[in-house]
Amino acid sequence: MAQKRKDRNKEEMRMKKKARERGGKRVGRAREGGVQKWRGKKNEAKKVKRLKEGGRQERGKRRENGPGVATVKVEPEDCDFVIAKRGKKRERGSEPGEGLESLSLAVKKRKKVREEEETGGDEGQRAKKKKEGSKKKPKEEKAEQPVWEEEKYEDGIKWKFLEHKGPYFPPEYQPLPDNVKFYYNGEAVKLSPSAEEVATFFAKMLEHEYTTKDIFRKNFFKDWRKEMTLEERMIITDLNKCDFGELFRMHKDRVIKEANQKIVEDFGYCTLDHHRERIGNFKIEPPGLFRGRGDHPKQGMLKKRIQPEDVIINCSKDSHIPEPPAGHKWKEVRHDNTVTWLASWTENVQGSFKYVMLNANSKLKGEKDWEKYEVARRLKGCVEQIRAQYKQDLKSKQMHIRQRAVALYFIDKLALRAGNEKEEGETADTVGCCSLRVEHITLHPELDGDRNVVEFDFLGKDCIRYYNKVPVTSRVFKNLKLFMNNKDGGDDLFDCLNTAMLNKYLTSLMPGLTAKVFRTYNASITLQDQLKELSNMSDNQAEKLLSYNRANRAVAILCNHQRAPPKTFEQSMANLQAKIDSRKEQLSLAKTELKQAKKEAKGSSDAKLQACKNMEVPLEKIYNKTQRDKFAWAIDMTEPDFFF
DNA sequence: CGACTGACTTAGCACCTTAGGC
DNA sequence: GCCTAAGGTGCTAAGTCAGTCG
């Protein structure tokens, strides 16, 4: 055993070296040491490290929001599902894509003209429909705008004309006034501008827990020193001797009210195929310290200021090319209409790409979104078949098929994410279905009266803990036992499977089907079923809204949507407690309720219901403006009796 | 065929704004 | 009117997945 470990350690060192040689560029993609094969060998090196680090307990505590601590998010905007939006127009029972174009033109002035009939253009559009007809629907926001030309572009073409002003750059750093000083070891030290700027990044975060973490401090200090002059580096050798107090206070006092409206007006819109569209994130991300989620190995590193020389502009050849800021040049100007971004740059911490793209309420994004739900709706048509197949596959003689079947079972039943592999050491250690390790599940032949219970405990996306005990079929249970046989905790549960294989298989079952479609599908169907179950036509608005919120909660639980309790949580709880205490008995009842409500979900608006749920509930009660804009396509297209 | 890249979606957190209680 | 909590928005990290390349 010891020898085995030793060998593995050696292997690990080799891999690490290799990774370093590659230049540590992209994150979370590459498998370490390209030669590894699936069977049994997957990520060997990776595991060793984990084993050394200690088991699941250690990792599991990363995020404090385990069950009972975190709150389940109950948010209607949940991106994974949409259902039952009231509005106009949708042909029931139509195949995906069918009859959709007819709606696309109908939209303008939707808010005012609810009851009006769709406008014409049907046939023409329909005729032009794309091959399989999996596409097209639209929507548009500004009533004054001309109607979209329903031109179908050939495959992959996203636009014909694109013009914009380029991204907005954050203001240059303003050096500290003379009366604000940084102190080292009790003495004022005047820093060079670049060192000073980075110091302010740290100072700004002083109130945040991040700055107390070792990795964060270490990464920050290392990167900070790179920005220092030689002289400064000689003096400043210990972060603990640094006093950022004055910088911190200055930051607190400063009221930064940029003329935001003007900036949005100037940079916030583009022209895409002759329509003015809102850009989602037109501001270049300002420099600062990287805040990864969870135990991120790169937390605290300096996120450098992006210069125009780093930025690639994408627009039409015949458009007015955006001007770079005075004295600067763009890295490149290209005219690629197969992509939707307007500008991009490479971020220095992870080496990943950043894009400036359109707002969610834009035609381009809306269409994509629409398609997503259409795929999920198509899945509805064949999901039973797929289930039957994977139940069969649980008995397959081929290991990779069995593993695929079990993985699919989890993805379907528990709405787990696919679980791509990530590069060790580059990001926090999180997993999804395919990347589950043996240490993430515990098998209980019997637990709390249930048989064949699988206990999941792992950190998923954003280091949100997934903890669940689920009874599974005995066949799945047996398979899991088999997969875990002769493996260490750090070994992959599905050693013969990865997301590429899984998705390839799924796509062969149904075009467009991938693992994440199951999340969309299950979220949507859950919401619908819950609504049906919880609400009655005779309910008043308040009751219906309550049902809606409860149905949403069910979805949030399914999808493991959680958020940490707000920082002010404890304080506000204490306040409430004090009040309540002072008011004796009857109030003690209210107290419990309040507490309960608070704990359960930050998002629940139960308390001030006035109105209610899907049918006959004003949309405004359920979706805020942003959501309504984003889902405008659904609103425009959905009849009162729409169902998923 | 797998590694790697690029594009795009998903999602939590921080902060700002608004609503509501006192 | 002030204060607090809820609600809404912006930001950007962290995923998914398809396409390309050696």
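All chains are named by letter (A, B, ...) in the order of the sequence lines, taking the proteins before the strands, and each is independently numbered beginning at 1. Quick caveat, the model's predicted, so the values are computed rather than measured.
Among the heavy atoms of the strands lying under 4.0 Å from A:F290 are primed sugar atoms or P, OP1, OP2 only; no base atom is included. Among the heavy atoms of the strands lying under 4.0 Å from A:A515 are primed sugar atoms or P, OP1, OP2 only; no base atom is included. At the heavy-atom level, A:G419 lies under 4.0 Å from the strands shown only through sugar-phosphate atoms. Across all strands, A:G460 comes closer than 4.0 Å only to sugar-phosphate atoms, never to a base (heavy-atom distances). If you check every strand for non-hydrogen atoms under 4.0 Å, A:S344 touches nothing.
Ring geometry, A:Y355 versus A:F353: the interplanar angle falls under 30°, so the pair is classed parallel (tilted spans 30 to 60°). Ring planes of A:F202 and A:F216: tilted class, angle from 30 to 60°.
Residue A:Q350 has its side chain nearest to C:dA14 when only C:dA14, C:dT16, B:dA7 are considered. Ranking C:dG15, C:dA14, C:dT16 by closeness to the A:K422 side chain, first place goes to C:dG15. Nearest nucleotide to the side chain of A:M357, out of C:dT16, B:dA14, B:dT9: B:dT9. Side-chain atoms of A:T430 lie closest to C:dG15 of the nucleotides B:dT9, B:dT10, C:dG15. Each of C:dG10, C:dA14, B:dT9 was ranked by its minimum atom distance to the side chain of A:R278; first place goes to C:dG10. Looking at the side chain of A:N281, the nearest of the listed nucleotides B:dA14, C:dC17, C:dT12 is C:dT12. For A:E285, whose side chain is taken as the heavy atoms from C-beta onward, the closest listed nucleotide among C:dT12, B:dA7, C:dT16 is C:dT12. When each of B:dC8, C:dC11, C:dT12 is scored by its nearest atom to the side-chain atoms of A:P286, the top-ranked nucleotide is C:dT12. Which of B:dT9, C:dT12, C:dT16 sits closest to the side chain of A:K303 comes down to C:dT12.
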Practice item. Mind running salt bridge (Lys or Arg N to Asp or Glu O under 4.0 Å) on A:E285 and A:K303 for me, showing each step along the way? Key: CA-CA 9 Å; A:E285 294 174 18; A:K303 214 173 98 167; 2.9 Å; yes

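Regarding contacts with the backbone of B:dC8, every side-chain N or O of A:K365 stays at 4.0 angstrom or more from both OP1 and OP2. Within the 4.0 Å cut-off from OP1 or OP2 of B:dA11, at least one side-chain nitrogen or oxygen of A:H561 is found. Put simply, A:K354 has no side-chain N or O that comes within less than 4.0 Å of OP1 or OP2 on C:dT12. Checking the phosphate oxygens (OP1, OP2) of C:dA13, no side-chain nitrogen or oxygen of A:T427 falls inside 4.0 Å. Considering only side-chain N and O atoms, A:T514 lies nowhere under 4.0 angstrom from the phosphate OP1 or OP2 of C:dT16. A:N503 has a side-chain polar atom (N or O) that falls below the 4.0 Å cut-off from OP1 or OP2 of C:dC17. Between A:H296 and C:dA14, a side-chain N or O to OP1/OP2 separation shorter than 4.0 Å is present. Residue A:R519 places at least one side-chain N or O closer than 4.0 Å to OP1 or OP2 of B:dA11. Side-chain nitrogen and oxygen atoms of A:K368 include none within less than 4.0 Å of the OP1 or OP2 phosphate oxygen of B:dA7.
Counting distance only, with no hydrogens placed and no angle test, the side-chain atoms of A:K461 and the base atoms of B:dT10 include a donor-acceptor pair under 3.5 Å.
Judged by distance alone, with hydrogens and angles left aside, the side-chain atoms of A:N522 form no donor-acceptor pair with the main-chain N or O of A:A415 at under 3.5 Å.
Remark: A:K158 NZ is packed, more than 12 non-hydrogen atoms of other residues, nucleotides or ligands lying under 6.0 Å away.
In the model, A:Y373 has no side-chain atom that pairs as donor or acceptor with a side-chain atom of A:D369 under 3.5 Å.
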